[in-house]
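Worksheet: one structure, shown below.
Only a predicted model underlies this, so the values are computations on that prediction, with no experimental measurement involved. The residues of the chain are indexed from 1 along the displayed sequence.
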Amino acid sequence: MTLQAIHHFVQGQRFAGSSARQQDVFNPATGAVTGQVALGNAADVQAAVAAAQAAFPAWADMPPIRRARVLFKFLELLNRHRDDLARMITAEHGKVFTDAQGEVNRGIEIVEFACGAPQLLKTAFTDQVSTGIDNWTLRQPLGVVAGITPFNFPVMVPMWMFPVALACGNSFILKPSPIDPSPSLFMADLLKEAGLPDGVFNVIQGDKEVVDALLTHPQVQGLSFVGSTPIANYIYETGAHHGKRVQALGGAKNHMVVMPDADLDQAVDALIGSAYGSAGERCMAISVAVLVGDVAERIMPKLVERTRTLKVLNGTNLSAEMGPIVTAAALARITGYIEQGQQEGAKMLVDGRGFDGKQAGEGCDKGFWLGGTLFDHVKPNMRIYKEEIFGPVLSCVRVKDFGEAVNLINAHEFGNGVSCFTRDGNVAREFSRRIQVGMVGINVPIPVPMAWHGFGGWKRSLFGDMHAYGEEGVRFYTRQKSIMQRWPESIGKGAEFAMPTSK
């Protein structure tokens with residue numbers, strides 16, 4: 001069988017690059033190799049940066065309304081091909097098709113937001129800020145910017161970045177995950193079809209060699225990253241050291257507090273969907289249930305039953321609730337955490353390690369399969385509580401009251417997302433105000449902000465000052481310039497040596 005060759009995209013066309021290195025691309029459901037992706041090098045990055053730098057001046061000078069028209073055409077093409085993108089995600093990532101469709105739709109919402117570039121780039125003007133002087137601001141693009149994106153959202157997370165960057169007048173280089181690289185090239189093709197000038201959007205496939213080349217290249221002005229906290233820290237420190245603007249979104253350990261007055265059936269639905277959806281491989285997954293008071297005794301039988309009866313199937317099966325783990329290495333890492341949890345004394349109620357891939361569908365016996373796993377009596381000193389597992393493992397922690405729940409969450413090093421299920425408005429208000437987490441849901445298990453609000457956590461879940469997309473995304477991809485102006489007729493005679501003040 002001839003394997004699909006997955007290359008780079010530079011200057012408006014597919015580009016094989018100068019590196020001979022490659023990496024296999026798998027279908028996680030079957031374990032079969034479906035393609036080989038090129039792993040670029042510094043020379044390939046240089047080619048992409050040169051193309052982006054050459055295309056930048058004309059694109060930046062283009063009126064925002066004309067840039068928006070290109071994005072409107074791209075939006076039209078995305079809507080036409082949304083299921084094609086979803087099928088690519090399922091084939092290379094493994095998530096179920098309906099979940100992949102949801103990912104594409106959330107990415108499309110960012111494009112819809114970015115189409116408002118003329119409004120988003122409006123700034124302030126003050127007439128007569130001093131006698132005969134006017135003052136106004138501009139927001140101007142940075143230049144060549146780059147995005148380094150993870151495997152778990154190969155469409156949505158890049159769209160957190162490049163639509164806003166392009167709308168602001170930047171040129172863009174995308175470095176997607178080599179695990180599921182095909183959607184990046186398909187989006188590049190659609191942008192070209194939409195009329196985006198060659199060189200404004202480029203894709204370099206690769207690994208750390210490409211990342212380091214982008215981090216150190218003097219013409220890359222800004223860089224966005226989504227991934228694990230250790231790498232986010234490295235990206236932020238290295239990029240800042242080389243004078244770049246950086247936003248690096250890191251890991252998470254998201255809690256869901258279930259108060260005694262919560263609707264338990266709704267809470268169970270929320271926990272099952274948010275813990276096991278996308279096989280737990282998302283930074284907003286709920287991986288810790290904080291059960292307050294007597295909730296544990298009432299909710300655990302329901303959680304056990306639902307976890308045991310999860311529909312773990314090939315993602316192409318529309319009945320599937322959960323698909324495979326993305327790679328064999330990820331599967332080994334997750335099962336290692338499950339073993340660690342047992343050794344540390346957590347009570348295992350459902351063990352997903354016994355799942356047989358043959359149950360998932362024809363040809364799935366060699367896929368990367370794991371069922372849902374459920375632990376009770378998890379303690380804050382256990383690794384399965386402290387560390388991000390990034391898999392279908394739900395840990396239940398029992399606390400006596402609301403205050404203990406808040407203190408538990410606030411003590412954690414991560415502060416990405418959190419949820420509280422309650423019927424009490426005062427509890428909801430106090431939780432929202434007191435919790436030290438960037439994205440909060442009240443009876444909403446996965447509170448991913450809409451396109452115009454912006455995404456980002458607190459503490460070691462975010463390195464940098466500005467969140468992704470929304471108005472903060474516009475600020476990240478632009479520099480503010482302040483201009484003060486007066487004309488000769490209003491200038492008094494004589495040099496002024498004192499600090500200028502309003503007169």
Checklist entry - Would Thr316 and Asn314 satisfy side chain to side chain donor-acceptor pair (under 3.5 Å), going step by step from the backbone distance to the final call? => result CA-CA 5 Å; Thr316 58; Asn314 190 326; 3.2 Å; yes
Item to check | Audit row: Gln266, Asn443, side chain to side chain donor-acceptor pair (under 3.5 Å) steps and yes/no | outcome: CA-CA 9 Å; Gln266 290 181 355; Asn443 300 315; over 6 Å; no
Next on the checklist: Walk me through whether Tyr385 and His255 qualify under ring pair (Phe, Tyr, Trp, His ring centres under 6.0 Å).
Outcome noted: CA-CA 10 Å; Tyr385 174 79; His255 299 67; 5.4 Å; yes
Item to check | Intermediate values then yes/no, side chain to side chain donor-acceptor pair (under 3.5 Å), Gln101 and Arg87 | outcome: CA-CA 8 Å; Gln101 287 177 309; Arg87 279 187 283 270; over 6 Å; no
Next on the checklist: Does His241 form a side chain to side chain donor-acceptor pair (under 3.5 Å) with Tyr236? I'd like the steps, not just the answer.
Outcome noted: CA-CA 8 Å; His241 177 75; Tyr236 181 74; over 6 Å; no
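Between Trp160 and Val226, some side-chain heavy-atom pair lies under the 4.5 Å cut-off. Within the 4.5 Å cutoff, the side chain of Met256 has no heavy atoms near those of the Ile446 side chain. For the pair Val393/Tyr337, no side-chain contact is recorded, criterion being any heavy-atom separation below 4.5 Å from C-beta on. With a 4.5 Å cut-off on side-chain heavy atoms, Ile231 and Phe225 count as touching. The side-chain heavy atoms of Leu374 and Met300, taken from C-beta on, include a pair separated by under 4.5 Å.
Between the side chain of Asn254 and the backbone N or O of Ala285, at least one donor-acceptor pair lies under 3.5 Å. With hydrogens and angles disregarded, a donor-acceptor distance shorter than 3.5 Å links the side chain of Glu321 to the backbone of Lys311. The backbone N or O of Asp261 lies less than 3.5 Å from a partner atom in the side chain of Arg423, making a donor-acceptor pair. For the pair Asn410 (side chain) and Arg434 (backbone), a donor-acceptor distance under 3.5 Å is present. Side chain of Arg245 to main chain of Thr478: a donor-acceptor pair is present (N/O by atom type, distance under 3.5 Å, no hydrogens or angles). Between the side chain of His412 and the backbone N or O of Lys386 there is at least one donor-acceptor pair closer than 3.5 Å. In this structure a side-chain-to-backbone donor-acceptor pair under 3.5 Å is missing from Asp180 to Pro154. With Asp356 contributing its side chain and Gln359 its backbone, the two residues share no donor-acceptor pair below 3.5 Å. At least one donor-acceptor pair closer than 3.5 Å links the side chain of Glu344 to the backbone N or O of Arg383. A side-chain donor-acceptor contact under 3.5 Å links Thr34 to the backbone of Val25.
Under the 4.0 Å criterion applied to side-chain N and carboxylate O atoms, Arg353 and Asp351 are assigned as salt-bridge partners. A salt bridge links Glu413 to Arg460: one of the charged nitrogens lies within less than 4.0 Å of a carboxylate oxygen. At a threshold of 4.0 Å, the pair Glu109-Arg106 counts as salt-bridged, since one of the basic side-chain nitrogens sits closer than that to a carboxylate oxygen. The pair Lys95-Glu281 does not count as a salt bridge, with every side-chain nitrogen at least 4.0 angstrom from each carboxylate oxygen. Between Glu305 and Arg308, none of the side-chain N atoms (NZ, or NE/NH1/NH2) sits under 4.0 Å from a carboxylate O, so this pair counts as no salt bridge. Between Glu297 and Arg398 there is a salt bridge, since a side-chain N of the basic residue sits under 4.0 Å from a carboxylate O of the acidic one.
The aromatic rings of Tyr469 and Phe455 sit tilted, their planes meeting at an angle between 30° and 60°. The aromatic rings of Phe368 and Phe26 lie perpendicular to each other, with more than 60° between the two planes, well past the 30° mark. Taking the six-membered ring for Trp and thresholds of 30 and 60 degrees, Phe172 and Tyr477 have ring planes more than 60 degrees apart, a perpendicular arrangement.
No more than 12 heavy atoms of other residues, nucleotides or ligands sit less than 6.0 Å from atom CZ of Arg429. Heavy atoms from other residues, nucleotides or ligands lying under 6.0 Å from CD of Glu471 number 12 at most.
The two atoms that bring Gly372 and Val350 nearest to each other are O-CG1, 3.4 Å, heavy atoms only. Minimum interatomic distance between Leu408 and Pro380 (heavy atoms only, all atoms of both residues): CD1-CG, 3.5 Å. In terms of heavy-atom proximity, Ala86 sits nearest to Val104 at N-CG2, 4.0 Å. The two atoms that bring Asn416 and Ser461 nearest to each other are N-OG, 3.4 Å, heavy atoms only. For Cys283 against Asn152, the heavy-atom pair with the smallest separation is N-ND2, 3.9 Å. Counting all heavy atoms, side chain and backbone alike, Lys253 lies closest to Ile384 at NZ-O, 2.8 Å.
Here the CG-CD1 distance, from Leu71 to Ile110, works out to 12.5 Å after rounding to the nearest 0.5 Å.
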